[in-house]
Asker: 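Starting off with a structure, shown below.
Both counts, for ligands and for their atoms, begin at 1 and track the order of listing. Note that the structure is a prediction, hence the values are computed from the model and not measured. These values consider heavy atoms only, across backbone and side chains, with no hydrogens, waters or symmetry-generated copies.
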Amino acid sequence: MKKKATSKSIPPARPFIYKNRTLLCDSVPLSSLAEQYGTPLYVYSATQISERFQLFQQAFQDRPHTVCYAVKANPSLAILRLLGRQGAGFDIVSGGELERVRRAHKPALKKVVFSGVGKQAWEIDAALKAGILQFNIESEQELGLVAARAQALKVRARFALRVNPDVFAETHPYISTGLSEHKFGIDIKIARAIYRRAAKSKWLEPYGVSVHIGSQIRKVDPFASALERVTSLVAELRRDGHNIRTIDAGGGLGIDYSDAPFDPAHQVERYTAALAKGLANETAHLLLEPGRFLVAQAGALLTRVVVIKKNGSKTFVITDAAMNDLIRPALYHAHHEIIPVRQSSSKGTITADVVGPVCESGDFFARDRAIAQVRPGDLVAILDAGAYGMSLSSNYNSRPRPAEVLVEGKKVSLARRRETMRDQLAPEVL
Ligand SMILES: *Cc1c(COP(=O)(O)O)cnc(C)c1O
């Protein structure tokens, strides 16, 4: 963390700050990025991503651990490389994400954990050949498939059962995963029997236990409860003669999307304390799978106002970004702060819906929101868009996906160029 904040005030949670009324990412004015790369544009601070990763590294330095960044939060090769070079492992959920890790930082393949409820034979084969750390297994059928593929390839597969601890994590229903009503994990009550059966196969190595109870979780108690259950299962498994080496605590630590003060160091402290409570005296190698917490606040979606339209009493600020670029508001009714790139001296505000050009009434970034007075042509930044922004983007309405840039201090690097129509049409056949 920067040591600059001498007062007791909490340092800004985001790398986007005003200097002389103009919004910067690290030291780079967003207006110059818009000029050079066009809009809509995803802008990420590499500085903040590294800082967040190092917060985790330091918080867990007293125990053997690996921070396996959850690739699905933001799978940009540049971000994977940035984290891989600092020692991160990766949590993947598909063969595609495995390939991304290989391209970004090959040595990290041995620190990959493979999650997901529907792994297919080709994905399992690729992961076995890559020598990943462990498969997080979501059903006994899947364990059978992994055993069969391991036998075919003549290698041993290290696995952890992803147990479902039946713990409620207060978050949006679409991203809560730790209850028995959810499709995720294996009922913790039957896990022991499955390890016992699996241990009979010479192609399977019982290696760990994993859990992941959901995403954007703000209270830390559910993490402690889930891990307590995992820890007592591990003790039983050891008594049953299994050499359990890893405990995977999953991801899910949330951020604050509002403009209230937010202290990431304090959040990581609370989280670490909750996990320590759940782990008690357990000393297994700890795996962590943060996604959102590492990248969400490092990123903004930079967009230009196309037109301002009034319909009756409503005002619509229509931007060149849309739900295909950032679907979180439409999908989860998520809140994102929206701020102007050029701060005006007048401080006037308007109450408006900020929307995109896509043909859906669900295409909005904010509704009835008081925002700074803006005019057509002005730039605005949609904050906290670094996680589940670009990774959930699509070509809906045949819109090209945005470009992405990574900023580090004064340095800017293009992480992904803007899509062209040629890119979009390439796979199609006439
Ligand atoms: C999505 C996911 C994560 C990351 O969740 P965040 O809320 O982004 O930290 C970690 N592990 C698994 C298994 C996931 O599905």
Asker: Please say whether K72 places an N or O atom under 3.5 Å from an N or O atom belonging to ligand 1.
Answerer: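 K72 vs ligand 1: N/O contact under 3.5 Å present.
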
Asker: Which protein non-hydrogen atom lies closest to atom 11 (N) of ligand 1, naming both residue and atom, and how far is it?
Answerer: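 I find the closest protein heavy atom is E289 OE1, 2.5 Å.
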
Asker: Mind checking whether A73 has an N or O less than 3.5 Å away from an N or O of ligand 1?
Answerer: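 For ligand 1, there is no N or O atom that lies under 3.5 Å from one belonging to A73.
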
Asker: Say whether T66 and H285, considering side chains only, have a donor N or O and an acceptor N or O under 3.5 Å apart.
Answerer: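 On atom types as modelled, these side chains qualify, holding a pair under 3.5 Å.
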
Asker: Is H212 touching ligand 1 with its side chain, its backbone, both, or neither, if touching means heavy atoms under 4.0 Å apart?
Answerer: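 Side chain only.
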
Asker: Go through the steps for R229 and V163 under the test side chain to side chain contact (heavy atoms under 4.5 Å, CB included), then give the verdict.
Answerer: CA-CA 9 Å; R229 290 173 198 191; V163 295; over 6 Å; no

Asker: Classify the ring geometry of F56 against Y271: parallel below 30°, tilted from 30° to 60°, perpendicular beyond 60°.
Answerer: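 Ring orientation, 0 to 90° scale: tilted.
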
Asker: Report the relative orientation of the aromatic rings in Y195 and H242; use parallel for angles under 30°, tilted for 30 to 60°, perpendicular for over 60°.
Answerer: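 Tilted: the ring planes of Y195 and H242 meet at 30° to 60°.
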
Asker: If you measure only the distance, is there a donor-acceptor pair under 3.5 Å linking the side chains of R162 and S115?
Answerer: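 Per modelled atom types, R162 and S115 side chains form no pair under 3.5 Å.
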
Asker: So is Y388 touching ligand 1 or not, going by heavy atoms under 4.0 Å?
Answerer: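 Y388 counts as a contact of ligand 1 under the 4.0 Å cut-off.
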
Asker: Do any nitrogen or oxygen atoms of S215 come within less than 3.5 Å of a nitrogen or oxygen of ligand 1?
Answerer: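 Yes - when backbone and side-chain N and O of S215 are compared with those of ligand 1, one distance drops under 3.5 Å.
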
Asker: Are R52 and F293 in a cation-pi setup, meaning NZ or CZ lies under 6.0 angstrom from the ring centre and within 45 degrees of the ring axis?
Answerer: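 Here R52 passes the 6.0 Å and 45° test against F293.
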
Asker: Considering only heavy atoms of G291, which atoms of ligand 1 have at least one such atom less than 4.0 Å away?
Answerer: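 Near G291, the atoms of ligand 1 are 6 (P), 8 (O), 9 (O).
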
Asker: Is G252 close to ligand 1, meaning an N/O of one under 3.5 Å from an N/O of the other?
Answerer: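 Such a contact does occur with ligand 1.
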
Asker: Tell me the protein heavy atom at minimum distance from atom 4 (C) of ligand 1, and give that distance in Å.
Answerer: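 Among all protein heavy atoms, the one nearest atom 4 (C) of ligand 1 is A70 CB, 3.4 Å.
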
